[in-house]
Q: 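Starting off with a structure, shown below.
Index from 1, following the sequence. One-based numbering, in listed order, for ligands and for the atoms of each.
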Amino acid sequence: MAPDLQVGRPQVTPMLETTSETETSQAGEALGRELVAGDVVLLYGDLGAGKTAFVRGMARGVGANPDEVSSPTFTLVQEYTGASATLYHVDLYRLEPAEIGDLGLEDLVSGDGIVAIEWAERWSGRPDDAIDVRIEDAGEDQRRIRIERPR
Ligand code: ADP
Ligand code: MG
């Protein structure tokens, strides 16, 4: 069997390069259009990488209002109503491990919404079938985005 056909091997999309926040949102929108209820998107990348910008695009892609997307502050889990599913947006950046435990992410990701989690490395419960989005700052307005989907 060819190595790239092995069961369980993550499928890696080519790296995208964006040069503006708008382009990063457009990448999120493209992903959002493909998502279905139950999908989980985990976002990794430093502060200012563009995770929230990507989620804003995802909101548009699922048919929700992108203007509602901001960095979650007091509301730990933001909900945006989409065309066929609700998008739940979580940012683990400022949370202590105990607070992350209290969020009930296991229930959220096994529900029938679409879930996007920023700073997902802070959560130990990563589902095997999650879609991973890694965003790297490549200087000035350049960002590198890699999207890994399970097969
Ligand atoms: P994060 O959620 O990863 O902390 P944000 O999406 O909140 O990041 O912020 C990204 C910041 O970087 C914004 O100020 C945005 O204008 C800026 N930026 C510059 N170039 C890009 C780009 N190519 N993609 C995304 N954001 C960019
Ligand atoms: Mg953010």
Q: Heavy-atom contact check, 4.0 Å cutoff: does Gly48 meet ligand 1?
A: yes
Q: Heavy-atom contacts with Asp46 under 4.0 Å: which atoms of ligand 1 show up? List them by number with element.
A: 3 (O)
Q: Tell me, please, if Tyr93 has any N/O/S atom, main chain or side chain, under 2.8 Å from the Mg ion (ligand 2)?
A: no
Q: Between Ala49 and ligand 1, does any nitrogen or oxygen pair lie at a separation below 3.5 Å?
A: yes
Q: Is the shortest N/O to N/O distance between Glu118 and ligand 1 below 3.5 Å?
A: yes
Q: If you measure every N/O of Leu47 against every N/O of ligand 1, is any gap under 3.5 Å?
A: no
Q: For atom 7 (O) of ligand 1, tell me which residue out of Thr52, Val55, Asp137 has the closest non-hydrogen atom.
A: Thr52
Q: Minimum distance, heavy atoms only, to atom 21 (C) of ligand 1: which one of Glu140, Glu17, Glu21 is it?
A: Glu21
Q: Rounded to the nearest 0.5 Å, how far apart are CD of Glu121 and CG of Leu42?
A: 9.5 Å
Q: Going by the order shown, which atoms of ligand 1 are within less than 4.0 Å of some heavy atom of Asp141?
A: 19 (C), 20 (N), 21 (C), 22 (C), 23 (N)
Q: Quick check: of its N, O or S atoms, which one does Glu118 have closest to the Mg ion (ligand 2)?
A: OE1
Q: Locate the shortest heavy-atom distance separating Tyr93 from Arg122; write the atom from each residue and the value.
A: O-NH1, 2.6 Å
Q: Hey, looking at atom 1 (P) of ligand 1, which of Arg56, Lys51, Arg144 has the closest heavy atom?
A: Lys51
Q: With rounding to the nearest 0.5 Å, note down the distance linking CZ in Arg143 to CE in Met15.
A: 14.0 Å
Q: What distance do His89 atom NE2 and Ile114 atom CD1 have between them, rounded to the nearest 0.5 Å?
A: 13.5 Å
Q: Which residue supplies the protein heavy atom nearest to atom 8 (O) of ligand 1, what is that atom called, and how far is it?
A: Gly50 N, 3.1 Å
Q: Side-chain contact, heavy-atom cut-off 4.5 Å: Val55 with Asp91?
A: no
Q: Does the side chain of Leu87 come within less than 4.5 Å of Leu35's, by heavy atoms?
A: no
Q: In the protein, which heavy atom is nearest to atom 25 (C) of ligand 1, and how far is it?
A: Thr24 OG1, 3.3 Å
Q: Distance from Lys51 atom NZ to Asp46 atom CG, nearest 0.5 Å?
A: 7.0 Å
Q: Is there any N or O on Gln142 that sits under 3.5 Å from an N or O of ligand 1?
A: no
Q: Please tell me if the side chains of Phe54 and Val69 come closer than 4.5 Å, counting only heavy atoms from C-beta onward.
A: no
Q: Enumerate, atom names and distances included, each donor-acceptor pair closer than 3.5 Å involving a side-chain atom of residues 104-113, sequence neighbours excluded.
A:
residue: Glu106; atom: OE2; partner: Trp123; partner atom: NE1; Å: 3.4
residue: Ser110; atom: OG; partner: Glu106; partner atom: O; Å: 2.9
residue: Ser110; atom: OG; partner: Asp107; partner atom: O; Å: 3.2

Q: Using a 4.0 Å cutoff against the non-hydrogen atoms of Ala53, which atoms of ligand 1 qualify?
A: 6 (O)
Q: Looking only at protein heavy atoms, which one is nearest to atom 12 (O) of ligand 1, and what is the separation?
A: Arg143 NH2, 3.1 Å
Q: Should the proximity of Ile135 to ligand 1, defined as any heavy atom under 4.0 Å, be assigned to the side chain, the backbone, both, or neither?
A: neither
Q: How many angstroms lie between atom CG of Asp141 and atom OG1 of Thr18, to the nearest 0.5 angstrom?
A: 8.5 Å
Q: For Pro150 versus Ile131, what's the shortest heavy-atom pair and its separation?
A: CD-CG1, 4.0 Å
